[in-house]
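The chain is numbered in sequence order, starting from 1. Counting convention: from 1, in listed order, for ligands and their atoms alike. Side chains are part of it too, since the values below use all heavy atoms of this structure and drop only hydrogens, waters and symmetry mates.
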Amino acid sequence: MSSAPSNSDDSGKHYRNECTGVALETVQQHQQPQDITLFGSCFCPFVQRVWVAFEFLGIPYKISYEVDPYKKPKDLLEVSPKGLVPGLKLHTFNPPRALNESTVILEYLEDLAATTTKRSLLPSIAHPYARALVRLQCDHVNRALVPAFYRYLQAQTEDAQIEGGKEFHAALEGLVALFERAEREILGGEGAAGEGEKRALAHGLGLWVEGGDLGYADAMAGPWIFRASNALKHYRGFELPKGTKFEAYIEKLFNHPVFKATCSTEDLYIDSYARYAFNRLNTSQVANAINFGRGLP
Ligand SMILES: N[C@@H](CCC(=O)N[C@@H](CS)C(=O)NCC(=O)O)C(=O)O
């Protein structure tokens with residue numbers, strides 16, 4: 001773990017306004033008008049989880065990616081009352097309607113896909129217990145992993161950084177324990193007979209399980225795990241946990257074509273997270289909530 005940064009180490013890097021790399025190509029492919037417009041910012045992990053869902057579920061969208069949520073432009077406030085990205089504008093209504101909150105948007109996209117593209121990031125509705133296990137994973141991501149990420153990145157003293165590193169590491173291990181539980185309880189033992197049935201049961205359990213595809217919890221957690229591999233690594237010397245299965249999971253997640261399609265190059269995240277790493281004043285609503293011990297917005 002690196003020593004605490006002092007303000008003189010702060011190069012003053014500003015957050016970016018435009019995607020780079022593969023994410024930029026994906027943005028360019030989604031500029032035609034569609035029933036849904038996604039309002040986003042290139043660095044935002046809450047946006048990325050929604051973007052991954054659009055891509056995986058095959059729901060047509062237009063992306064408006066240069067939104068600056070710190071400047072609160074009028075068209076963002078129209079779709080997201082607190083001026084936070086992501087926001088959706090739904091043009092099938094007249095006048096258009098809107099949705100905000102990444103977790104709510106994810107559920108909306110799942111419901112929409114159920115009757116349109118017939119794709120899903122969750123286990124089948126015929127397996128309510130498996131769906132509940134995935135929701136437990138997501139609950140953990142939102143209540144433990146995400147706040148731990150920001151607490152760690154914003155920690156300024158050496159002690160607080162050591163504590164933050166432990167907390168974030170424990171949150172990752174907690175997620176792994178929940179992945180293992182789902183694998184054991186849904187796919188282990190006498191549960192599944194043939195290969196076909198196993199594949200059907202694995203659906204929605206995510207990339208952790210053998211033969212699994214991207215799942216709901218991967219979309220929920222992936223953006224922070226990715227930023228741990230670049231921003232946390234750069235500013236805090238953080239290394240993702242070792243171990244064959246965890247490393248294989250990371251490899252599958254970061255190289256999944258849908259996840260990759262929403263990733264910019266690492267420098268974008270490193271620059272965009274400097275303001276968190278040096279805990280600059282009024283960095284964001286999330287940063288303020290962490291500094292004042294409040295729940296995240
Ligand atoms: N709870 C929201 C959080 C979204 C959020 O905090 N987005 C950040 C960008 S990563 C934002 O818009 N910040 C603007 C601000 O802090 O004013 C969600 O899940 O959608």
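- Under 3.5 Å, the side chains of Thr37 and His91 contain a donor-acceptor pair of N or O atoms.
- No donor-acceptor contact under 3.5 angstrom links the side chains of His256 and Asp218, judged on distance only.
- Inspection of the Tyr276 and Ser284 side chains reveals an N or O donor paired with an N or O acceptor under 3.5 Å.
- Residue pairs meeting the side chain to side chain donor-acceptor pair (under 3.5 Å) criterion with at least one member in residues 287-297, sequence neighbours excluded: Gln154-Asn291, Asn279-Asn291, Asn282-Asn288.
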Quick check on ligand 1: any N or O pairs to the protein under 3.5 Å? One line per pair.
{"unit_1": "ligand 1", "atom_1": "1 (N)", "unit_2": "Glu101", "atom_2": "OE1", "d": "2.8"}
{"unit_1": "ligand 1", "atom_1": "1 (N)", "unit_2": "Glu101", "atom_2": "OE2", "d": "3.3"}
{"unit_1": "ligand 1", "atom_1": "1 (N)", "unit_2": "Pro297", "atom_2": "O", "d": "2.7"}
{"unit_1": "ligand 1", "atom_1": "7 (N)", "unit_2": "Val85", "atom_2": "O", "d": "2.9"}
{"unit_1": "ligand 1", "atom_1": "12 (O)", "unit_2": "Val85", "atom_2": "N", "d": "2.9"}
{"unit_1": "ligand 1", "atom_1": "16 (O)", "unit_2": "Gln285", "atom_2": "N", "d": "2.7"}
{"unit_1": "ligand 1", "atom_1": "17 (O)", "unit_2": "Lys72", "atom_2": "NZ", "d": "2.6"}
{"unit_1": "ligand 1", "atom_1": "17 (O)", "unit_2": "Gln285", "atom_2": "NE2", "d": "3.2"}
{"unit_1": "ligand 1", "atom_1": "19 (O)", "unit_2": "Glu101", "atom_2": "OE1", "d": "3.4"}
{"unit_1": "ligand 1", "atom_1": "19 (O)", "unit_2": "Ser102", "atom_2": "N", "d": "3.3"}
{"unit_1": "ligand 1", "atom_1": "19 (O)", "unit_2": "Ser102", "atom_2": "OG", "d": "2.6"}
{"unit_1": "ligand 1", "atom_1": "20 (O)", "unit_2": "Ser102", "atom_2": "N", "d": "2.8"}

Steps toward side-chain contact (heavy atoms from CB on, under 4.5 Å) verdict (Phe259, Phe226): CA-CA 10 Å; Phe259 191 75; Phe226 184 59; 3.9 Å; yes
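- Judged by a 6.0 Å distance limit and a 45° cone about the ring axis, Arg151 is not positioned over the six-membered ring of Phe168.
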